[in-house]
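Before any comments, here is the structure.
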Amino acid sequence: AIADAKACTDKPTLIKVKTVIGYGSPNKADSHDAHGAPLGSDEATATREQLGYKYGEFEVPQSVYDVFRAHAAEGAKKQEEWNALWARYQEAEPELAAQFKRIAIDKELPEGWADCLPK
């Protein structure tokens, strides 16, 4: 469905997805009991069992940490690349870089902006 949506370039596309609230909860899935309230200790335990999750409450397996650390390292590399690109841009286009920094990074309006408003 995603490939079809991406391939369609002449009109908007919509992918309809059906979900089950409280998925995996043996007694509360697809019911109002799973909406807006905690499952409760017994139901949470039953849900972990039903889903085959062999870890306890708030226990995160080492493999999850490993995946996140790998992504963090990749993100740090991307940040270094961005910092180098940003430094080159500031050298090449100091005025535009200052304007970009003010608008996109610092999120500040230009000095005297209020004076431009209709009176």
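Atoms considered below: every heavy atom in the structure, side chains included; atoms not considered: hydrogens, waters and symmetry mates.
- Residue-environment remark: CD (E91) stays at or below the threshold of 12 foreign heavy atoms within 6.0 Å.
- Counting all heavy atoms, side chain and backbone alike, H35 lies closest to I21 at CD2-CD1, 3.1 Å.
- How far NZ of K6 is from CD1 of I15: 9.0 Å, rounded to the nearest 0.5 Å.
- Taking all atoms of both residues into account, the shortest heavy-atom contact from P26 to Q50 is CB-OE1, 3.7 Å.
- Atom CD of E95 sits in a sparse spot, with 12 or fewer heavy atoms from other residues, nucleotides or ligands closer than 6.0 Å.
- Contact annotation: the side chain of Y53 never approaches that of T47 to less than 4.5 Å [non-hydrogen atoms, C-beta and beyond].
- Closest of all the heavy-atom pairs between L39 and A44 is CB-N, 4.2 Å.
- Using a 4.5 Å heavy-atom cutoff, the side chains of V64 and F68 are in contact.
- The 12-atom threshold is exceeded at CD1 of I105, counting heavy atoms of other residues, nucleotides or ligands nearer than 6.0 Å.
- Other residues, nucleotides and ligands contribute over 12 non-hydrogen atoms within 6.0 Å of the CD atom of E81.
- Side-chain N or O atoms of K28 include none that pairs as donor or acceptor with a backbone N or O of G22 at under 3.5 Å.
- Surrounding NZ of K18 are at most 12 heavy atoms belonging to other residues, nucleotides or ligands under 6.0 Å away.
- In terms of heavy atoms, G24 sits closest to L51 at CA-CD2, 3.7 Å.
- For D106, the CG atom counts as densely surrounded, since its 6.0 Å shell holds more than 12 non-hydrogen atoms of other residues, nucleotides or ligands.
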